[in-house]
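Fair warning: this is a prediction, and the values are worked out from it, not measured in the lab.
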Amino acid sequence: MPEYRAVRKAHSLIEICKNPQLAAEVTITAAEILQVDAAIIFADLLLPLEVMGLPFHFSAGEGPVIERPLRTQEDIFRLRTDSAADLGYVAEAVRLVTKHFGPKLPVIGFCGAPFTLASYMIEGGGSRNYIHAKTMMYSQPQAFDELLGKLVSVTAEYATEQVHAGADVIQVFDSWVGCLSVEDYRRYVLPRTTQLVRKLKESGVPVIYFGTDSSTLLPSMKETGADVIGLDWRIPLDEGWSRLGGGAVQGNLDPVTLFSDWEQVRQRAQEIIDRGAGRPGHIFNLGHGILPETPVENVKALAAYVREHSARNGFKSNS
């Protein structure tokens with residue numbers, strides 16, 4: 001969006017995250033221009049790493065870079081879990097956004113899931129094969145579980161503060177969980193992710209749990225107790241919903257579809273709506289994050305199209 005790019009010319013991504021006024025501004029601007037049914041707070045998945053004693057920075061064209069990746073039990077032992085309050089700038093941004101919108105628009109807070117954050121910490125950044133993360137998971141399972149436990153402690157406190165500041169729901173992003181087999185997910189990841197979801201639900205708001213390339217994991221992900229399971233675009237909505245055995249789902253338009261002409265976007269959106277078959281409990285969304293250079297007009301038109309469909313079929317907006 002031109003409005004966001006104007007802010008980025010003067011501030012880095014991390015600077016925006018750490019400035020509640022700026023983070024609130026870009027959150028509010030996007031929600032109001034796109035006319036979506038909820039605003040998700042502007043923050044970065046990796047913010048908790050810094051307060052745990054693991055600095056990172058963003059490298060042009062490479063994404064986040066962890067300066068000292070975790071490789072040993074001693075590295076994990078040194079991680080702090082007592083400074084989650086230092087992330088209070090995110091909660092303050094939530095407070096500003098909720099004050100702006102009042103009851104008109106729900107606000108979504110979020111945090112990273114234990115496995116995805118742990119993988120970043122061990123790999124040192126992005127990865128295709130997760131060699132270091134999986135090697136620690138297999139060869140040092142106790143150390144790996146200790147790391148997940150520390151992440152649960154920090155992220156639960158961090159996300160709960162967002163709820164106290166006014167967030168209406170928390171979304172947990174497990175962007176890298178699709179690299180795991182069902183067996184490995186259940187053995188090494190499910191117990192700690194379930195622990196996180198339970199802690200978040202104690203705050204009294206619903207929890208959305210989302211992973212990518214996770215079609216085979218859906219029944220296990222449902223076991224976490226999350227209120228809503230996110231579906232990416234790799235599985236038809238109705239099939240994913242069926243695998244979950246009911247409940248609420250979010251998804252699942254391929255973000256790249258938005259680069260097409262509007263008629264193609266409309267057709268694809270209608271296909272997803274049709275697969276929902278009018279059942280309550282589907283939150284229409286993309287199957288992953290929106291991409292740079294996405295035509296803004298297509299996003300606005302998509303939001304309007306889905307809202308119009310919901311109104312025609314008696315579904316309440318902003319629910």
Side-chain angles (χ1 to χ4, degrees), residues 38 40-41 43 45-49 52 81 84 87 90-91 94 106-121 137 144-180 182-232 240-241 243-252 281-283 285 287-289:
I40 187 163
I41 197 66
L45 211 63
L46 301 187
L47 294 176
L49 274 58
M52 296 179 73
T81 59
L87 297 167
V90 177
V94 170
V107 177
I108 303 172
F110 76 90
C111 64
F115 175 77
T116 290
L117 293 180
S119 296
Y120 269 111
M121 297 167 90
M137 187 176 73
F144 188 78
D145 185 65
E146 181 184 351
L147 173 57
L148 296 192
K150 286 191 169 188
L151 284 164
V152 168
S153 176
V154 173
T155 54
E157 182 179 345
Y158 164 58
T160 298
E161 282 306 304
Q162 295 178 49
V163 175
H164 293 162
D168 297 284
V169 61
I170 293 293
Q171 181 153 340
V172 179
F173 286 88
D174 218 348
S175 307
W176 288 6
V177 75
C179 75
L180 296 175
V182 175
E183 293 79 7
D184 285 347
Y185 177 81
R186 297 189 64 83
R187 179 182 300 175
Y188 300 109
V189 176
L190 178 59
R192 290 297 189 182
T193 308
T194 300
Q195 182 186 18
L196 173 62
V197 170
R198 286 176 178 167
K199 283 177 174 287
L200 296 179
K201 292 184 73 169
E202 288 173 2
S203 68
V205 302
V207 175
I208 303 170
Y209 180 32
F210 171 74
T212 57
D213 207 7
S214 52
S215 300
T216 59
L217 304 178
L218 291 175
S220 298
M221 292 171 70
K222 179 72 175 293
E223 291 182 33
T224 62
D227 301 278
V228 183
I229 301 296
L231 303 175
D232 72 7
W241 213 342
R243 289 189 190 184
L244 290 166
V249 295
Q250 174 183 279
N252 64 338
H282 173 215
I283 303 170
N285 209 330
H288 199 212

Work out which heavy atom in [X] is nearest to a heavy atom in [Y]; give both atom names and the distance.
X      : Y      : value
Ala159 : Ile170 : O-CD1, 3.6 Å
Pro114 : Leu196 : CD-CD2, 3.8 Å
Val154 : Ala84  : O-CB, 3.9 Å
Ser153 : Thr81  : OG-CB, 4.2 Å
Gly230 : Leu218 : O-CD2, 4.3 Å
Val182 : Thr216 : CG2-O, 3.4 Å

Polar side chain donor-acceptor pair, Arg198 to Gln195, under 3.5 angstrom: no
Between Asp232 and Thr212: side-chain donor-acceptor atoms closer than 3.5 Å: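 On atom types as modelled, these side chains do not qualify, holding no pair under 3.5 Å.
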Using atom types as modelled and distance alone, determine if a side-chain donor or acceptor of [X] lies under 3.5 Å from a backbone N or O of [Y].
X      : Y      : value
Ser119 : Phe115 : yes
His288 : Ser175 : no
Lys201 : Gly225 : yes
Thr224 : Thr193 : no
Asp227 : Val207 : yes
Gln162 : Phe110 : yes
Ser203 : Val163 : no

Would you check if [X] and [Y] make a side-chain contact, meaning some heavy-atom pair closer than 4.5 Å?
X      : Y      : result
Ser214 : Asp174 : no
Val90  : Leu47  : yes
Ser215 : Arg243 : yes
Trp241 : His282 : yes
Leu244 : Leu231 : yes
Leu200 : Val172 : yes
Lys222 : Tyr209 : no
Arg186 : Glu223 : yes

Atom [atom1] of [X] and atom [atom2] of [Y]: how far apart are they, to the nearest 0.5 Å?
X      : Y      : atom1 : atom2 : value
Leu49  : Met121 : CG    : CE    : 4.0 Å
Thr160 : His164 : OG1   : NE2   : 6.0 Å
Asp168 : Ile108 : CG    : CD1   : 9.0 Å
Ile229 : Ile283 : CD1   : CD1   : 11.0 Å
Ser220 : Glu183 : OG    : CD    : 9.0 Å
Tyr158 : Leu151 : OH    : CG    : 13.0 Å

Steps toward side chain to side chain contact (heavy atoms under 4.5 Å, CB included) verdict (Leu117, Leu46): CA-CA 7 Å; Leu117 293 180; Leu46 301 187; 3.8 Å; yes
Test ring pair (Phe, Tyr, Trp, His ring centres under 6.0 Å) applied to Phe144 - qualifying residues, sequence neighbours left out: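 Testing Phe144 for ring pair (Phe, Tyr, Trp, His ring centres under 6.0 Å), a comparison that skips the adjacent residues, returns none.
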